[in-house]
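What follows is one structure encoded as structure tokens, with my remarks underneath.
All values derive from a computational prediction rather than experimental measurement. Heads up: numbering here begins at 1 and tracks the sequence.
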Amino acid sequence: MSYDDHNHSFLFVPPSTQDRIQGVLSAAVMLVMYGDYQCSESAKVYRLIKAIGRELNSSLEENNLCFVFRHFPQVQIHPHAQHAAQAVEAAAAQGQFWQMHDILFAHQQELGNGYLVEYANYLGLDISHFLQDMSKKAHVARINEDIQSGLHSGVTATPALFINGIRYAGRWNNTQLTAAIVTASH
């Protein structure tokens with residue numbers, strides 16, 4: 001295996017407390033997804049993972065599955081993706097990452113700045129702080145770190161999923177993804 005092959009099938013930066021996490025880092029199965037809020041396939045895969053997670057949490061032991069989301073806005077094809085990522089991080093600064101994350105995936109056609117402020121308002125965020133973060137581009141460095149870690153792992157498009165550090169290459173359907181996750185848990 002050449003370095004290049006290794007580069008494209010393994011997660012370069014392991015999950016850490018710096019990541020946006022649902023679950024615990026000591027989980028048996030670690031899912032790391034690189035996604036773009038304007039990418040319909042990213043939204044579909046995120047919904048699939050949430051459904052599988054709910055399914056498996058009842059059959060597997062608690063804390064068996066950890067989900068990590070990393071930003072990979074594809075600005076060349078999705079003009080609102082970068083701003084959306086910044087909005088999620090501005091919400092995260094106020095403790096509302098996953099709430100904003102879910103709203104943006106649910107409203108992918110409405111990611112203009114006015115909508116982002118509406119969502120922040122809906123979540124009860126401090127709007128002046130949110131707007132300040134947005135205008136100062138306060139969280140761009142964090143987003144760029146996610147992008148760089150994705151590039152180092154061979155990510156070129158979204159969604160990209162790694163299960164226990166290995167790139168998932170199967171189909172994006174419930175059956176195959178569930179099978180891959182269950183296999184990884186053993």
- Would His107 and Phe105 satisfy ring-ring contact (aromatic ring centres under 6.0 Å, His included), going step by step from the backbone distance to the final call? CA-CA 6 Å; His107 299 279; Phe105 270 143; over 10 Å; no

- Task: Please lay out, stage by stage, how Tyr37 and His80 fare under the test side-chain contact (heavy atoms from CB on, under 4.5 Å).
- Result: CA-CA 8 Å; Tyr37 290 108; His80 297 297; over 6 Å; no

- Message: Evaluate Phe10 against Phe162 for side-chain contact (heavy atoms from CB on, under 4.5 Å), listing each step before the verdict.
- Response: CA-CA 8 Å; Phe10 294 97; Phe162 292 82; 5.8 Å; no

- Item | Chi angles and distances behind the side-chain contact (heavy atoms from CB on, under 4.5 Å) call for Asp126, Ser128 | CA-CA 6 Å; Asp126 175 330; Ser128 66; 3.0 Å; yes

- Full working for side-chain contact (heavy atoms from CB on, under 4.5 Å) between Leu25 and Met30: CA-CA 7 Å; Leu25 287 170; Met30 182 68 61; 4.0 Å; yes

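Nearest approach of Ala157 to Gln74, heavy atoms of both residues: CA-OE1, 3.3 Å. Ser149 approaches Phe12 most closely through the heavy-atom pair O-CB, 4.2 Å. Taking each heavy atom of Pro73 and Gln82 in turn, the nearest pair found is CG-OE1, 3.3 Å. For Pro15 against Val68, the heavy-atom pair with the smallest separation is CB-CG2, 4.1 Å. Here the shortest heavy-atom pairing between Gly23 and Ile21 reads O-CG2, 3.4 Å. When all heavy atoms of Ile163 and Ala184 are compared, the pair lying nearest together is CG2-CB, 3.6 Å.
Every residue two or more places apart in sequence or in another chain that forms a side-chain hydrogen bond (donor to acceptor under 3.5 Å, both in side chains) with Asp133 is listed here: His139. Applying the side-chain hydrogen bond (donor to acceptor under 3.5 Å, both in side chains) rule to Tyr119 yields no partners; only residues at least two apart in sequence or on another chain are considered. With sequence neighbours excluded, the residues satisfying side chain to side chain contact (heavy atoms under 4.5 Å, CB included) with Arg142 are Arg20, Glu89. With sequence neighbours left out, the side chain to side chain contact (heavy atoms under 4.5 Å, CB included) criterion links Ser16 to Gln18, Asp19. In this structure, Lys137 has no side-chain hydrogen bond (donor to acceptor under 3.5 Å, both in side chains) partners at least two apart in sequence or on a different chain. Remark: Trp172 pairs with Tyr168 by the ring-ring contact (aromatic ring centres under 6.0 Å, His included) rule, at least two apart or across chains. Residues forming a side-chain hydrogen bond (donor to acceptor under 3.5 Å, both in side chains) with His83 (at least two apart in sequence, or on another chain): none. Leu123 pairs by the side chain to side chain contact (heavy atoms under 4.5 Å, CB included) definition with Gln96, Gln99, Met100, Ile103, Leu125, not counting sequence neighbours.
Under the 4.5 Å side-chain contact rule for hydrophobic residues, Ile77 and Phe72 do not share a cluster. Hydrophobic clustering (ILVMFWY, side-chain heavy atoms < 4.5 Å, transitive): Val155 and Leu151 are in one cluster. Note on Leu104: it clusters hydrophobically with Ile127, by side-chain heavy-atom contacts below 4.5 Å among ILVMFWY residues.
Note that the CG atom of Leu131 and the OG atom of Ser135 stand 7.5 Å from one another [nearest 0.5 Å]. Atom OG of Ser153 is separated from atom CG of Leu11 by 4.5 Å, given to the nearest 0.5 angstrom.
Of the possible donor and acceptor atoms, one in the side chain of Asn164 sits under 3.5 Å from a partner among the backbone N and O of Ala28. Between the side chain of Thr178 and the backbone N or O of Thr175, no donor-acceptor pair lies under 3.5 Å.
You'll find the side chain of Leu161 reaches within 4.5 Å of the side chain of Leu177, heavy atoms only. Two residues are said to be in side-chain contact when any heavy atoms from C-beta on lie closer than 4.5 Å; Cys66 and Val24 fail this criterion. Put simply, the side chain of Phe69 does not reach to within 4.5 Å of the side chain of Leu31, judged on heavy atoms. Looking at heavy atoms from C-beta onward, Val140 lies in side-chain contact with Gln86 at the 4.5 angstrom threshold.
Residue pairs meeting the salt bridge (charged side-chain N to carboxylate O under 4.0 Å, His left out) criterion with at least one partner in residues 171-186, sequence neighbours excluded, do not occur; the list is empty.
Relative orientation of the His101 and Trp98 rings is perpendicular, given thresholds of 30° and 60° on the angle between their planes.
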Output side-chain donor-acceptor pairs under 3.5 Å for residues 111-118, partner residues at least two apart or in another chain, one line each.
none

For residues 39-48, please give each side-chain donor-acceptor pair under 3.5 Å, one per line with the distance, not counting sequence neighbours.
{"from": "Ser42", "atom 1": "OG", "to": "Asp36", "atom 2": "N", "distance (Å)": "3.3"}
{"from": "Ser42", "atom 1": "OG", "to": "Thr158", "atom 2": "OG1", "distance (Å)": "3.4"}
{"from": "Tyr46", "atom 1": "OH", "to": "Asp102", "atom 2": "OD1", "distance (Å)": "2.6"}

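Enclosure of atom CD in Gln76 by more than 12 non-hydrogen atoms of other residues, nucleotides or ligands within 6.0 angstrom is indicated.
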